[in-house]
Structures are given as structure tokens and as C-alpha cells.
Amino acid sequence: MSDIKDPIAFELFKNAIFSIADEMAVTICRTTYSGILRDNMDFSTSLSDGDGQVIAQGLTVAMHLGAIQTALASVIRTFEGDIHDGDIFAMNDPFDGGMHLPDIFIFKPIFVDGKRVAFASTTAHQADVGGRVPGSNAADSTEIYQEGLRIPPLKLMERGEPNRTLWSMIEKNVRIPVQVFGDMRAQLAACEIGARQLTELIGQHGAEASAVYMREVTNYTERLTRAAIAELPDGETTFEDWIDDDGVDLGQPIRLFVAVKKRGDEISFDWDGTSPQVRGAINATLSVTRAACFTALKTVLPDDAPNNDGVFRPITVTAPEGTIANVVHPGSCAARALTGFRMLDCAFGALARLIPERSMAASDGGNVGISIGGYTKDREPFIYVDFSCGTWGGRPFADGLEGNSNLFVNMASQSVEVTESEHPIQIPRYELAPNRAGAGKFRGGVPFYRDYRILADDAILQCRSDRQVVRPYGLFGGQAGKPGENFFDPDSKCEKVDSKITREVKRGDVFRYVLPGGGGWGDPLERDPQAVLRDVRNELVSAALAAKEYGVVVDTAAWQVDEAGTEARRAEIRGRRRGDPGDVSWDDDGSPSPFPTVAEVETER
């Protein structure tokens with residue numbers, strides 16, 4: 001029960017505190033240096049109470065749900081009794097509350113009348129934190145020591161004065177210190193904005209009432225979340241998916257397995273059965289695994305629950321230590337987001353068996369991470385970091401989106417013109433790739449492809465991608481999305497390369513990645529023929545593929561559906577089917593397994 005005496009004042013306070021968190025996010029956008037923050041928006045902001053419970057998280061990256069609380073708890077644990085007005089803390093250690101080294105957390109404690117009442121918090125993906133590969137994000141690193149500068153919880157500022165030792169240590173260990181410091185100062189500016197505005201808000205309502213309101217914001221969120229979970233059917237279900245490989249042990253698929261149990265107003269996600277941690281840098285911290293589960297569940301619940309710690313209380317997430325879902329030292333984790341994206345799809349697959357009317361088919365499997373770094377002729381360093389994702393799976397009520405961010409990150413696309421003006425890189429092609437969406441009553445999103453032409457004399461290119469062997473699954477008769485692909489020099493030698501690479505490149509080299517298509521939802525033969533015609537006219541699906549996968553015959557001279565031909569073609573396809581395709585499909589023919597030798601692979605491992 002709520003102990004709020006003035007519900008109108010509480011509602012004003014609640015809306016104001018979330019607006020402050022969002023304004024912190026806008027501050028980073030407007031003051032940061034790098035494209036990964038300015039354009040991709042790979043950062044998060046939040047306000048927490050004095051004990052470290054997140055009260056309001058800005059509308060930024062879902063992957064950071066729960067991560068800020070974990071990182072802040074590490075700071076408080078390390079410095080409790082030594083946290084003062086004017087202190088600011090920084091950290092990125094994945095084994096002490098962080099996620100991966102490029103994500104630097106910055107925390108500013110907020111004091112009112114000498115008492116610690118809150119923290120303003122930001123985390124932002126830095127374009128470089130050192131390590132063996134420019135961008136500090138390579139999938140083929142094999143231990144944390146190769147990945148860059150590891151920062152335990154430390155004071156970046158102490159009682160208002162900079163910790164020059166820490167600033168100097170960072171400066172000497174990153175390739176582009178001007179850019180990194182500019183981005184860190186954008187985080188500091190956001191924390192300052194948050195601290196000023198929250199202090200003003202507390203002044204308006206009084207310290208005692210504000211403490212009650214902050215506590216009630218999370219309690220209110222918990223009640224909303226529990227009520228929404230209680231409306232879901234009770235039950236237990238499991239799902240498994242497979243990552244192609246880790247970029248080191250090539251061709252060795254990696255199992256993801258989750259068991260979901262829902263009882264009353266609580267739900268649990270258990271990742272026991274998931275692969276042991278791997279040599280490549282795709283191992284996830286438990287905070288990433290938790291965020292994937294939180295995101296999947298929030299997606300199928302009503303959207304009126306705010307983003308704060310109240311959401312997490314009815315949700316239990318467990319993963320054995322030493323697995324790819326809960327990495328232990330000294331495992332590498334720079335590219336841990338890849339596994340996070342795939343765990344989100346895996347969680348969606350489990351929820352689809354519990355609540356099919358609210359769950360979508362597999363997305364493109366998460367963003368393709370690209371880093372290109374080197375030196376200009378003047379020996380000035382450059383590093384370009386970009387993350388691209390663009391296809392959702394088909395939904396029970398609509399097609400999957402294309403050209404839209406994955407639910408796990410809410411990222412935007414970097415401007416081609418700005419990229420070309422800031423880096424020795426040209427992007428000659430950036431367009432949709434037809435005939436790659438998973439067919440369904442509601443088809444998957446259509447992917448895009450992008451080319452990068454190198455204009456520097458030499459550089460190092462790193463690519464992190466997946467879903468090139470194990471395709472994005474379709475649901476309830478929908479086909480799997482087509483796999484992704486990577487090429488060098490696609491218009492000449494067209495050299496196909498692995499999904500995860502680190503490679504030296506020269507002037508004139510062209511690298512292309514093609515995203516996987518989203519999985520389809522429902523029987524393709526139930527798709528509205530007019531929707532298929534529209535896709536053909538928009539060059540998303542060819543007329544030949546429309547006939548093959550949807551059974552729709554399109555007269556491209558008159559641009560209309562041949563109704564008699566369509567009826568006959570669909571009857572022919574139905575006659576060839578081998579029975580019920582089941583709830584999950586991994587190919588175009590309803591296969592229940594992502595590859596025929598999956599059991600043999602597991603035995604060998």
C-alpha cells in the first residue's frame with residue numbers, strides 16, 4: 001500500500017525526475033565528440049537514491065537496464081564512509097560491476113544539507129580504451145588483458161578536484177585521448193545537470209517528502225509490474241538457440257538455453273544449460289544476461305511501468321558462473337553485446353511458447369559492430385566505431401520493422417556525410433537487401449547492407465556479426481530470416497569472410513556486411529496477397545520469390561495479383577507440405593533444428 005498523502009504532488013515529482021534523466025541524455029547528445037554517442041546514442045543516464053537504487057533511467061539503451069545498479073553498488077561497497085560532496089567516481093571493470101571495458105560508468109553523489117540523498121549516473125561507450133585492436137571491441141581477444149584499460153571503482157574527482165593520476169593514466173592508454181576526454185566530459189556535464197535539477201526538485205518538495213516520493217516511485221513501478229505479470233498465464237517453458245561461433249574456435253556453435261517459469265506475480269529466467277564461457281570475446285556478464293531478460297519481459301508487458309529498480313524485483317535471473325551468460329575472470333567480453341542480443345531472441349522464443357499472442361519472431365540477431373582504426377599521413381590517429389541493426393522479426397499483428405534499431409539498444413544510425421567528413425572512410429552503398437526477410441503471414445523485417453571503402457593507406461578493420469549459420473527463427477509457421485554475409489571487394493573478387501574478423505586493410509579495400517533478415521510470423525500462405533504485391537512493387541521481394549514462398553502470382557505488367565494463379569499456386573504448395581511445421585522454424589521448410597548435426601556437435605564438445 002502507498003503512504004503518499006498528496007498523489008498529485010507525487011505524480012508531478014515522478015514525471016519531473018524522469019524528465020531530468022531524459023535531459024541528462026540530451027546533454028550527452030549535444031556535448032559529446034564521437035559518433036557512437038552523438039549519433040548511435042550508445043549511452044544511458046539515470047538517477048538513483050542515496051542507497052544506489054535506480055529511481056529513473058533515461059529512455060536510452062535497454063542493455064543497461066539493471067547494469068547501473070550493479071556498477072553503483074560496487075562503487076558504494078568500495079567507498080562507503082569515504083563518499084563526499086564534490087566526489088565523482090568512474091569505473092569499467094566487468095569483474096567488479098561493469099559490463100565491458102568501453103562502457104565507462106561515471107557517478108556523482110548528490111548531497112542536500114550535508115546528507116547523501118541521490119546519485120546522478122551515466123554510462124557511455126567510449127570509442128577506444130586501448131588494447132590490441134583500435135576501438136577495443138574485437139571479438140577475437142581471448143582474455144581481458146588484451147582488451148584495454150581496466151578501471152576499478154576510483155575517484156575521478158575528489159571533493160571537487162580532479163584526480164590527475166587517473167586522468168593521466170587514461171590519457172596515456174587510449175589512442176584518441178582528445179575524443180575520449182570530450183566524451184567523458186559530456187558524461188560529467190550530464191551528471192552535473194542531473195544533480196542541479198534534482199537538488200532544485202528536492203528544494204521544491206522538501207527533503208523528507210522527496211525521500212518518500214523516490215521510494216514510492218520504485219514501489220509504484222513494482223506494483224505495476226507485478227500486476228502485469230499476474231495477468232500472464234502460469235507455466236514453465238524452455239528455448240534454445242545457437243551462436244555461430246566465437247570468432248576464435250571457428251565453426252563451433254555455442255548453445256544458449258533458457259528455462260522460464262511464471263507463477264503468480266513473479267517470473268524467473270534460468271540459463272543453466274548454456275555453453276561454458278568461450279575463448280572469444282563474446283562472453284557476457286550477468287548484468288547483460290539480466291538486461292536481456294528484463295527487456296524481453298518489458299516488451300510483452302504493458303508499457304506504463306517506468307524504467308527503474310521496481311521493474312526488476314518480481315524477476316529472478318540466474319546463470320551459472322563460468323558460462324557464456326556469466327563470465328568469470330579472466331574471460332574476454334569486449335563483444336559481449338552479441339551474446340546479449342542473442343539471449344534476447346532466446347528469451348523471446350521461450351516467452352512465445354507461454355504467450356504467443358505477444359511475442360515476435362527472431363530479429364537480425366543484434367547489431368553488426370564495425371571498428372576501423374589507423375593513422376593518417378600526418379600520423380594522427382583515427383578510430384571509427386559503428387553499430388548497425390535494422391530488422392525485427394514478424395509480430396502477431398504486423399510485419400517486422402526494417403531500418404529500425406534492435407529493441408535491446410534503441411540506437412540510431414550514424415550520418416554517412418558526417419562519417420565521411422570525420423574519417424578516411426567512404427560509404428558508397430547503404431540500402432535495403434531484397435529477398436532476405438523471413439516469409440510469414442507477417443514477414444520479418446527486410447535487412448540492409450552497407451559498404452565501407454578505406455581511404456587511409458592502411459588500417460585495422462574489426463567486424464563482429466552473427467546469424468550467418470544459425471538463421472533468425474520464424475514462429476508458428478513463419479520461415480527463418482535469410483542469413484547475414486560479410487564480403488571484401490564485393491564488386492570484384494567478392495571474397496566471403498567469417499562473421500567475426502580482425503584484419504589489416506589497405507587504401508581502396510571495400511568491406512560489405514549484409515544483415516540477416518528477420519524471422520517470419522505465421523503461415524506465409526495466409527499473408528494478404530495485396531501485402532505481397534506491395535512488397536514486390538517496393539522491390540523488397542521479387543515476383544519469383546513471391547510465388548515460391550507466399551504462393552502469390554504477381555502480374556508485373558499490370559501490377560496486380562493473378563487471383564486464379566495464386567489460388568492454384570497456394571494449393572500446390574499446401575499439397576507438398578509434410579505436416580505441421582511446429583512453433584519454431586529454422587529454415588524455409590519448417591525445420592525444427594537450426595542444423596541437422598546439432599546433437600553431434602554437442603557430443604563432440
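- For Lys441, there are no side-chain hydrogen bond (donor to acceptor under 3.5 Å, both in side chains) partners two or more places apart in sequence or in a different chain.
- Counted by atom type alone, Ser371 and Asn137 present zero donor-acceptor pairs between their side chains at under 3.5 Å.
- When the ring pair (Phe, Tyr, Trp, His ring centres under 6.0 Å) test is applied to Tyr449, no partner is found at least two apart in sequence or on another chain.
- With a 6.0 Å radius and a threshold of 12 heavy atoms from other residues, nucleotides or ligands, Glu495 has its CD atom above the threshold.
- Between the side chain of Ser332 and the backbone N or O of Gly280 there is at least one donor-acceptor pair closer than 3.5 Å.
- Each of Ile36, Thr60, Asn367, Asp386 was scored for a side-chain contact (heavy atoms from CB on, under 4.5 Å) with Met411, with one residue passing: Asn367.
- Pairs engaging residues 403-412 under the side chain to side chain donor-acceptor pair (under 3.5 Å) rule: Ser363-Asn406 [sequence neighbours left out].
- Shown here is Glu539, whose CD atom has no more than 12 heavy atoms of other residues, nucleotides or ligands within 6.0 Å.
- A heavy-atom distance below 4.5 Å is not found between the side chains of His125 and Val61.
- Side-chain N or O atoms of Thr45 include one that pairs as donor or acceptor with a backbone N or O of Ala21 at under 3.5 Å.
- Counting only distance, with no hydrogens or angles, the side chain of Asn326 and the backbone of Ala319 share a donor-acceptor pair below 3.5 Å.
- Here the side chains of Asp491 and Val510 are not in contact, with every heavy-atom distance at 4.5 Å or above.
- Between Ser465 and the choices Asp244, Asn486, Asp364, the side chain to side chain donor-acceptor pair (under 3.5 Å) rule is met once, by Asn486.
- For the pair Lys500/Asp466, a side-chain contact is recorded, criterion being any heavy-atom separation below 4.5 Å from C-beta on.
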Please determine whether side-chain contact (heavy atoms from CB on, under 4.5 Å) holds for the pair Val418 and Arg38, giving the CA-CA distance in whole Å, both sets of side-chain angles, and the decisive distance to 0.1 Å. CA-CA 11 Å; Val418 172; Arg38 180 189 62 234; 3.3 Å; yes

Test log, rule side chain to side chain donor-acceptor pair (under 3.5 Å), inputs Thr316 and Ser268: CA-CA 5 Å; Thr316 302; Ser268 66; over 6 Å; no

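- In this structure, the side chains of Cys389 and Val409 come closer than 4.5 Å at one or more pairs of heavy atoms.
- For the pair Arg512 and Glu485, the minimum side-chain heavy-atom distance is 4.5 Å or more.
- Other residues, nucleotides and ligands contribute at most 12 non-hydrogen atoms within 6.0 Å of the CD atom of Glu321.
- Under the side-chain hydrogen bond (donor to acceptor under 3.5 Å, both in side chains) criterion, Ser499 pairs with no residue, sequence neighbours left out.
- Remark: Lys262 engages Asp234 in a salt bridge (Lys or Arg N to Asp or Glu O under 4.0 Å) (not counting sequence neighbours).
- Listed by first and then second residue, the ring-ring contact (aromatic ring centres under 6.0 Å, His included) pairs that reach into residues 536-584 come to none, sequence neighbours excluded.
- Between the Asp562 side chain and the Gly565 main chain, a donor and an acceptor come within less than 3.5 Å of each other.
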Evaluate the criterion side-chain contact (heavy atoms from CB on, under 4.5 Å) for residue pair Asp103 and Met63; output intermediate values, then yes/no. CA-CA 11 Å; Asp103 279 355; Met63 191 182 295; 6.0 Å; no

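- Heavy-atom contacts from other residues, nucleotides or ligands closer than 6.0 Å to CG of Asp303 number 12 or fewer.
- With sequence neighbours excluded, no residue forms a ring pair (Phe, Tyr, Trp, His ring centres under 6.0 Å) with Phe257.
- Side chains of Asn40 and Gln414: a donor-acceptor N/O pair is present below 3.5 angstrom, by distance only.
- Remark: the backbone N or O of Ala325 is not paired with any side-chain donor or acceptor of Thr339 at under 3.5 angstrom.
- Residue pairs satisfying the side chain to side chain donor-acceptor pair (under 3.5 Å) criterion with at least one member in residues 529-538, sequence neighbours excluded, are listed as follows: Arg443-Asp535, Arg527-Asp535.
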Check against side-chain contact (heavy atoms from CB on, under 4.5 Å), Ile324 and Leu256: CA-CA 8 Å; Ile324 196 172; Leu256 299 174; 4.0 Å; yes

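- Looking at Thr123, its side chain never comes within 3.5 Å of a backbone N or O of Ser44 through a donor-acceptor pair.
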When you look at Asp523 and Arg570, which way does the salt bridge (charged side-chain N to carboxylate O under 4.0 Å, His left out) test go after all the steps? CA-CA 11 Å; Asp523 188 343; Arg570 286 186 162 181; over 6 Å; no

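- When each of Tyr452, Tyr513, Phe448 is paired with Tyr430, the ring-ring contact (aromatic ring centres under 6.0 Å, His included) condition holds for Phe448 and for no other.
- Within the 3.5 Å criterion, the main-chain N or O of Val300 finds a donor-acceptor partner in the side chain of Arg358.
- Checking each of Phe476, Trp392, Phe397 against Trp521 for a ring-ring contact (aromatic ring centres under 6.0 Å, His included) leaves exactly one that passes, namely Phe476.
- Ring centroid separation for the pair Phe387 and Phe341 does not come in under the 6.0 Å cut-off.
- Contact annotation: the side chain of Val536 never approaches that of Leu545 to less than 4.5 Å [non-hydrogen atoms, C-beta and beyond].
- Residues satisfying the salt bridge (Lys or Arg N to Asp or Glu O under 4.0 Å) test with Arg395, not counting sequence neighbours, are none.
- Listed here is the closest heavy atom pair of Phe408 and Val288: CZ-O, 4.0 Å.
- Under the salt bridge (Lys or Arg N to Asp or Glu O under 4.0 Å) test applied with Asp241, the options Arg471, Arg467, Arg255 reduce to a single match, Arg467.
- In this structure Thr556 satisfies the side-chain hydrogen bond (donor to acceptor under 3.5 Å, both in side chains) test with no other residue, sequence neighbours excluded.
- With sequence neighbours excluded, no residue satisfies side-chain hydrogen bond (donor to acceptor under 3.5 Å, both in side chains) with Asp498.
- Residue pairs meeting the ring-ring contact (aromatic ring centres under 6.0 Å, His included) criterion with at least one member in residues 278-327, sequence neighbours excluded, are Phe294-Phe312.
- Looking at Asp309, its side chain does come within 3.5 Å of a backbone N or O of Val54 through a donor-acceptor pair.
- The shortest side-chain heavy-atom distance between Glu549 and Val532 does not fall under the 4.5 Å cut-off.
- With hydrogens and angles ignored, the 3.5 Å screen pairs no side-chain donor or acceptor of Arg464 with any backbone N or O of Ala139.
- The shortest distance between side-chain heavy atoms of Val311 and Leu297 does not fall below 4.5 Å.
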